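Have a look at the structure below, then the notes.
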Amino acid sequence: MQIEVAKRLQQTEEYYFSKKLREIDQLNKAGAQIINLGIGSPDLPPHPEVIKVLSEQANLPTAHGYQNYKGSPILRQAMSDWYAKYYRVSLDANTEILPLIGSKEGIVHICMTYLQEGDEVLIPNPGYPAYASAVRLSGATSIPYALLEENNWFPDLEELEKSDLSKVKIMWINYPHMPTGTLATKEFFEKVIDFGRRNNILICHDNPYSFILNEHPLSILEVEGALDVAIELNSLSKSSNMAGWRIGMLIANEARISEILRFKTNMDSGMFLPLQLAAAKALSLDSSWYKQLNEVYGKRRNKVYEIMDLLNCDYSTEQVGLFVWAKIPSNFASGYELIDSVLDKARVFITPGGIFGDAGNNFIRISLCASEDVLDQAMERIKKRR
């Protein structure tokens, strides 16, 4: 018996990394021992005090029941305090913060709450593939907007306003930008908020990388009146080494929190309480945690620069975040061709920029989520690949 999948999935392919990891697993089973420099899954542990809270709370007999759909008040207050301390943004913990089971689910929640067939959404090219996937699942149409190297990977808002925006309901942005590592400025955020207000477009800012190799984290919500126009997603996955814990947050005004909850409450039953309390502990850590983390990533980034030099790639040393983005040499037709060559000859997997949109076809990306020893091994293999 064959049951056809729903239309919403007929144009939705399996996530690239899901397929690629399966391919790498098969190569490893055959003895290849692939070094994976592709995925931004932190290999370092959370702070010991965070693990301690999780353990202590999980041992309590009262910790294992269903939880409030809006999250623990303790976690929401910790998120509010975190935003006040590091982003200079004052938030009402009771009405403007919604804890998420990972910020990736927030992308889907937003799209399913506000979009339907006939709506259009501006998504960055290059950009995180999950934006386009969530839009497709909602029945709406993605309208890619180009991010160009010559414009420092910022959208050309003036050019966008020359197009028909009458059906556009949402614009996705993401700074520090993944995959290019471009750092936003408050001036840019002010322009985007003004763009959204003038054109009646909800600005959705995905902000999981702002602490990685960046001394001055920014939130779009620092712009006066931004909560009228914008939603921000944030996460503990990268900044607290808690990717597998699936803890994120959605920041919006009270009305939008209520609207998104109408969808979210039909999808899950709240986060495990010990995870929430451990996350609150992670958010309360002082800035020395981020400093130590970035000392490790800074050393790794220097190693990745060396790998990019070996591959004759060009890159900016101004980029931040968990990756290094680089332009391939002219003797390769695309990033796909280069990474296939490296995988075949050196048994090292690097991400092709084209998976983030065709504007990334001539680029590659290397993750900093590998130890210096592993990066040294990758360098040696690449040196010998010829």
Side-chain angles (χ1 to χ4, degrees), residues 46-47 50 53 68 70-107 109-110 173-176 183-190 192-193 196 202-242 245-258 260-261 264 271 275-291 293-294 320-321:
H47 193 284
V50 175
V53 171
N68 188 306
K70 291 182 67 174
S72 163
I74 294 172
L75 178 56
R76 282 188 273 112
Q77 187 60 55
M79 290 173 170
S80 176
D81 293 343
W82 189 63
Y83 257 79
K85 180 176 181 179
Y86 291 105
Y87 294 117
R88 302 154 297 279
V89 174
S90 177
L91 297 169
D92 187 321
N94 293 318
T95 62
E96 295 176 333
I97 299 174
L98 180 62
L100 301 171
I101 304 174
S103 62
K104 188 176 181 180
E105 78 155 12
I107 297 169
H109 289 348
I110 292 168
I173 63 170
N174 156 229
Y175 291 92
L183 192 61
T185 63
K186 189 173 180 182
E187 179 185 18
F188 166 70
F189 283 149
E190 289 171 344
V192 173
I193 290 296
L202 179 62
I203 305 298
C204 295
H205 181 231
D206 191 18
N207 191 21
Y209 294 98
S210 58
F211 284 84
I212 307 301
L213 294 171
N214 177 31
E215 294 182 1
H216 304 289
L218 283 178
S219 164
I220 196 170
L221 303 180
E222 291 184 59
V223 177
E224 186 176 355
L227 275 175
D228 296 333
V229 182
I231 292 174
E232 182 160 274
L233 296 176
N234 217 318
S235 171
L236 277 70
S237 292
K238 318 299 183 181
S239 59
S240 297
N241 294 338
M242 295 164 71
W245 296 47
R246 309 312 305 136
I247 298 170
M249 65 198 84
L250 185 152
I251 314 298
N253 66 32
E254 183 175 5
R256 291 200 180 98
I257 294 288
S258 296
I260 292 165
L261 269 169
K264 178 175 168 57
M271 192 191 310
L275 285 174
Q276 296 191 62
L277 299 179
K281 179 63 179 180
L283 292 167
S284 73
L285 298 173
D286 64 35
S287 58
S288 65
W289 162 256
Y290 302 110
K291 182 179 179 181
L293 189 64
N294 285 326
V320 302

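Remember, predicted model here, so these are calculated numbers, not experimental data.
No side-chain heavy atom of L75 sits less than 4.5 Å from a side-chain heavy atom of I97. Side chains of E215 and V320 form no contact here, defined as non-hydrogen atoms less than 4.5 Å apart. Side-chain contact check for V50 versus M242: some heavy-atom pair is nearer than 4.5 Å. Between V223 and V192 the shortest side-chain heavy-atom distance does not fall below 4.5 Å. Between P99 and L250 the shortest side-chain heavy-atom distance does not fall below 4.5 Å. Side-chain atoms of W289 and N241, non-hydrogen and from C-beta on, do get closer than 4.5 Å to each other. Residues S72 and L277 have side chains in contact (heavy-atom distance under 4.5 Å, counting atoms from C-beta outward). Looking at heavy atoms from C-beta onward, L218 lies in side-chain contact with F189 at the 4.5 angstrom threshold.
At least one donor-acceptor pair closer than 3.5 Å links the side chain of N294 to the backbone N or O of F211. Remark: side-chain polar atoms of R76 are paired, donor with acceptor, to backbone N or O of G71 under 3.5 angstrom. Not one N or O on the side chain of N234 forms a donor-acceptor pair closer than 3.5 Å with the backbone of M249. In this structure, the side chain of K70 engages the main chain of N94 through a donor-acceptor pair within 3.5 Å. Between the R256 side chain and the D228 main chain, a donor and an acceptor come within less than 3.5 Å of each other.
Shown here for I260 and L98, the closest heavy-atom pair between the two residues is CG2-CD2, 4.1 Å. Between S219 and N207, the shortest heavy-atom contact is CA-ND2, 4.2 Å. Pairing each heavy atom of Y83 with each of L221, the nearest pair is CE2-CD1, 4.4 Å. Contact record, K85 with L285: NZ-O, 4.0 Å, taken as the closest heavy-atom pair. Contact between K238 and L293 at its shortest, heavy atoms only, is O-CD2, 4.1 Å. Of all non-hydrogen atoms in Y86 and S287, the two that sit nearest each other are OH-N, 3.3 Å.
Under the 3.5 Å distance criterion, with hydrogens and angles disregarded, a donor-acceptor pair is assigned to the side chains of S210 and Y87.
The pair E105-R246 does not count as a salt bridge, with every side-chain nitrogen at least 4.0 angstrom from each carboxylate oxygen.
The aromatic rings of F188 and Y175 lie perpendicular to each other, with more than 60° between the two planes, well past the 30° mark.
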*Evaluate the criterion side-chain contact (heavy atoms from CB on, under 4.5 Å) for residue pair E232 and V89; output intermediate values, then yes/no.*
CA-CA 12 Å; E232 182 160 274; V89 174; over 6 Å; no

*Let me see the working for L233 and S235 under side-chain contact (heavy atoms from CB on, under 4.5 Å), right down to the final yes or no.*
CA-CA 7 Å; L233 296 176; S235 171; over 6 Å; no

